[in-house]
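See below for the structure under consideration.
Atom set for the values below is all heavy atoms of this structure, side chains included, hydrogens, waters and symmetry mates excluded.
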Amino acid sequence: MLGHTDIKLGIVFFIWLGVFNVMVVAQFWAFCADLYNVESGQRLFVIIAVGASLGALMGANFSKQVINYTGPLGLMLLAIGLLCVTIVLGLLASSKLPREDRSHSRLSKEESMWIPGGFRLVLSDRYLLLIALFVVLLNWINSTGEFILAKMVVDHAEALIAAGSEQSKGNLIGAFYGDFYTWVNLFSLLFQLFLVSRIFKYFGVRAALFIL
């Protein structure tokens, strides 16, 4: 809604998007870990991960196709609608899960809802602390790269408009990112299907982190 006004939202949106992109993934896998036991998780999480990559590939290609009709703000509203659908799907998954597949968590509901308990757990375990630092470093590098890419894309869109392009700057940027993430997600899907398991098998988890 604020996008239809003259309020400058670029910096706020960029920071929010960076936080959201990290939190929504963490929330999703935490939800899965709370929902399924180890045996069911080992069987299903691979399928879920491939489905996520396939959905990302289709979503990126879809956004490229529709942005000329909806514009960037319309595409965001469509994304909000899809997020609302995932909330319903999450509730259905939680209520329909068979008892034998459910997680046998040792934490009570009160303990698991206590936010400082999560920080205490990470700080008390060297492995979890190193993983947390790794995630921070990874997202720092990724966010910096995204910012540099975004600056290049904006400059390119402005150059196209100056050269006589009839498309709006927002649509040009949106079309680029739809194309860009289609290729990124295609390679991610191929890596997950054909490389990840072999890297884990022959090189181990530590080497896999360095490959990433």
Side-chain angles (χ1 to χ4, degrees), residues 1-30 49 52-83 86 118-119 122 128-192 195-196 199 208-212:
M1 292 171 64
L2 289 173
H4 289 286
T5 70
D6 293 328
I7 298 174
K8 301 297 183 182
L9 298 171
I11 294 175
V12 174
F13 179 74
F14 180 79
I15 294 172
W16 173 84
L17 189 66
V19 174
F20 176 81
N21 281 345
V22 175
M23 291 300 296
V24 72
V25 176
Q27 290 274 352
F28 174 78
W29 287 112
S53 294
L54 186 60
L57 174 62
M58 295 173 63
N61 189 55
F62 175 76
S63 67
K64 179 188 175 184
Q65 303 301 324
V66 303
I67 193 166
N68 287 329
Y69 303 100
T70 63
L73 297 175
L75 198 60
M76 290 180 194
L77 288 174
L78 186 59
I80 291 171
L82 291 174
L83 280 173
T86 65
F119 287 101
V122 171
L128 292 179
L129 180 60
L130 289 173
I131 288 293
L133 293 173
F134 173 75
V135 171
V136 170
L137 178 62
L138 182 65
N139 283 282
W140 178 28
I141 295 169
N142 184 64
S143 297
T144 304
E146 289 279 359
F147 180 81
I148 294 170
L149 176 64
K151 184 69 170 66
M152 293 169 62
V153 172
V154 170
D155 290 344
H156 180 63
E158 290 175 347
L160 288 176
I161 292 172
S165 175
E166 296 180 357
Q167 290 185 284
S168 69
K169 185 167 76 170
N171 286 5
L172 287 169
I173 293 172
F176 168 84
Y177 274 108
D179 209 20
F180 174 75
Y181 282 115
T182 296
W183 284 103
V184 168
N185 292 319
L186 175 61
F187 281 112
S188 297
L189 179 62
L190 293 175
F191 289 167
Q192 281 190 329
L195 292 181
V196 171
I199 291 171
L209 294 177
F210 281 103
I211 290 172
L212 177 63

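- Note that CG of N142 is 11.0 Å distant from CG of L137, once rounded to the nearest 0.5 Å.
- More than 12 heavy atoms of other shown residues, nucleotides or ligands fall within 6.0 angstrom of atom CD in E158.
- To the nearest 0.5 Å, atom CD of residue Q27 and atom CZ of residue F20 are 10.0 Å apart.
- Among pairs with a residue in residues 170-186, those fulfilling salt bridge (Lys or Arg N to Asp or Glu O under 4.0 Å) read K64-D179, at least two apart in sequence or across chains.
- Heavy atoms of other residues, nucleotides or ligands lying less than 6.0 angstrom from CZ of F134 number more than 12.
- Environment of CD in Q65: crowded, with over 12 heavy atoms of neighbouring residues, nucleotides or ligands closer than 6.0 Å.
- Closest of all the heavy-atom pairs between A157 and L172 is O-CD1, 3.9 Å.
- A pairwise comparison of heavy atoms in L57 and T182 identifies CD1-O, 3.1 Å as the closest pair.
- Taking CG of L78 as the start and CG of L83 as the end, the distance is 10.0 Å to the nearest 0.5 Å.
- Scanning all heavy atoms of the two residues, the minimum distance from L2 to T5 falls at O-OG1, 2.6 Å.
- The distance from atom OG of S188 to atom CG of L195, rounded to the nearest 0.5 Å, is 11.0 Å.
- Atom CG of L82 has more than 12 heavy atoms from other residues, nucleotides or ligands within 6.0 Å.
- Scanning both residues, N171 and G71, for their nearest heavy atoms gives OD1-CA, 3.6 Å.
- Around the CH2 atom of W29, the shell of radius 6.0 Å holds more than 12 heavy atoms that belong to other residues, nucleotides or ligands.
- In terms of heavy atoms, I161 sits closest to Q167 at CG1-O, 3.9 Å.
- Legend: residues meeting side-chain contact (heavy atoms from CB on, under 4.5 Å) with F180, ordered by chain and number and at least two apart, are L149, F176, Y177, V184.
- Interatomic distance, I67 CD1 to L73 CG, rounded to the nearest 0.5 Å: 9.5 Å.
- A pairwise comparison of heavy atoms in A56 and N185 identifies O-ND2, 3.1 Å as the closest pair.
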